[in-house]
Amino acid sequence: MEQRITILAPPEAIFPFLNELRNWPLWTVWDQRDEIDYSYGPVTEGDGAEQRWASRNMSGVLRILKSDRDERVDYELLMGEDTYEVVGRIELHPDGACTRVVWKCAWDLAKNPYRRYFDLLMRWMMRRDYAAGLENLKTLVESSTKPTEVAA
């Protein structure tokens with residue numbers, strides 16, 4: 001699954017929003033449907049950064065696996081007692097005064113026929129959420145040159 005957007009800013013203006021996990025709630029849309037409580041490990045940015053989250057319906061961990069400054073962030077998202085694992089990457093591709101942002105994710109396809117329906121729903125939800133999150137990121141970045149606040 002993949003979503004893309006072009007942002008009128010250089011990669012160095014976008015990267016801090018991606019590399020610092022306390023900034024993710026500023027632009028992702030995951031907490032718009034349900035209240036989410038966030039907590040963070042001792043590292044909040046770059047390789048090994050960890051964000052724990054819990055809502056009424058689910059909990060999980062978002063962890064940065066690899067971070068290449070102004071180029072990409074690779075992460076894993078574990079949900080529901082580590083029942084579901086999603087691996088993802090956000091890439092930054094400079095293009096003149098703009099940057100093409102590509103947000104990708106993948107997970108193991110279910111073998112169980114009932115679980116395949118869940119996979120279809122998850123694919124639809126992730127595509128919708130990634131598109132909305134990228135639009136939020138575009139608005140945030142284009143209206144400021146750097147993150148001015150960090151979510152608590």
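We use all heavy atoms of the structure for the numbers below, so side chains are in, but hydrogens, waters and symmetry mates are not.
Using a 4.0 Å cut-off between charged side-chain N and carboxylate O, E71 and R69 make no salt bridge. Ionic pairing of E50 and R63 is present here: one or more N-O contacts between side-chain nitrogen and carboxylate oxygen are shorter than 4.0 angstrom. Contact check on E35 versus R56 returns no salt bridge, with no Lys/Arg side-chain nitrogen under 4.0 Å from an Asp/Glu carboxylate oxygen.
Between the W27 side chain and the F17 main chain, a donor and an acceptor come within less than 3.5 Å of each other. With hydrogens and angles disregarded, no donor-acceptor distance shorter than 3.5 Å links the side chain of S144 to the backbone of V141. Panel note: side chain K138, backbone T6; a donor-acceptor pair is recorded below 3.5 Å. Using a distance-only test at 3.5 Å, with no hydrogens or angles considered, a donor-acceptor pair links the side chain of T99 to the main chain of A9. The closest donor-acceptor contact from the side chain of N23 to the backbone of P16 lies under 3.5 Å. A donor-acceptor pair is defined here as one N or O able to donate and one able to accept, closer than 3.5 Å; such a pair exists between the side chain of D47 and the backbone of S67. Although no hydrogens or angles enter the test, the distance criterion places no donor-acceptor pair under 3.5 Å between the side chain of D74 and the main chain of R89. Under a 3.5 Å cut-off, the side chain of T139 and the backbone N or O of E135 do form a donor-acceptor pair. Without hydrogens or angle criteria, E142 side chain to L8 main chain gives a donor-acceptor distance under 3.5 Å.
Within the model, atoms CG of L26 and OG1 of T28 stand 8.5 Å from one another, a figure rounded to the nearest 0.5 Å. Rounding to the nearest 0.5 angstrom, the gap separating the CG atom in L18 from the CG atom in L137 is 6.0 Å. In this structure, CD in Q51 is found 11.0 Å from CZ in R22, a value given to the nearest 0.5 Å. Here R100 contributes atom CZ and H93 contributes atom NE2; the two are 6.0 Å apart, rounded to the nearest 0.5 Å. Distance CG/D37 to OG/S59: 11.0 Å, rounded to 0.5 Å. Taking CG of D68 as the start and CD of E91 as the end, the distance is 10.5 Å to the nearest 0.5 Å.
Residues M126 and V86 have side chains in contact (heavy-atom distance under 4.5 Å, counting atoms from C-beta outward). Residues I90 and V101 have side chains in contact (heavy-atom distance under 4.5 Å, counting atoms from C-beta outward). When side chains are defined from C-beta on, V73 does not count as touching L65, because their heavy atoms never get closer than 4.5 Å. Within the 4.5 Å cutoff, no side-chain heavy atoms of L78 are placed close to those of Y84. By the 4.5 Å heavy-atom criterion applied to side chains, M1 and K104 are not counted as neighbours. Here the side chains of I14 and E12 are not in contact, with every heavy-atom distance at 4.5 Å or above.
Checked against the 6.0 Å centroid threshold, Y75 and W24 count as a close aromatic pair. Ring centers of Y38 and W53: at least 6.0 Å apart, outside the cut-off.
In terms of heavy atoms, T44 sits closest to G41 at CG2-O, 3.8 Å. Here the shortest heavy-atom pairing between V29 and N136 reads CG1-ND2, 3.2 Å.
Transitive grouping of hydrophobic side chains (ILVMFWY, heavy atoms separated by less than 4.5 Å) keeps V102 and Y130 in distinct clusters.
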Exercise for the section: Using the side chain to side chain contact (heavy atoms under 4.5 Å, CB included) rule, take I64 and N19 through it: C-alpha gap first, then chi angles, then the decisive distance, then the call. Expected result: CA-CA 8 Å; I64 295 179; N19 193 51; 4.3 Å; yes

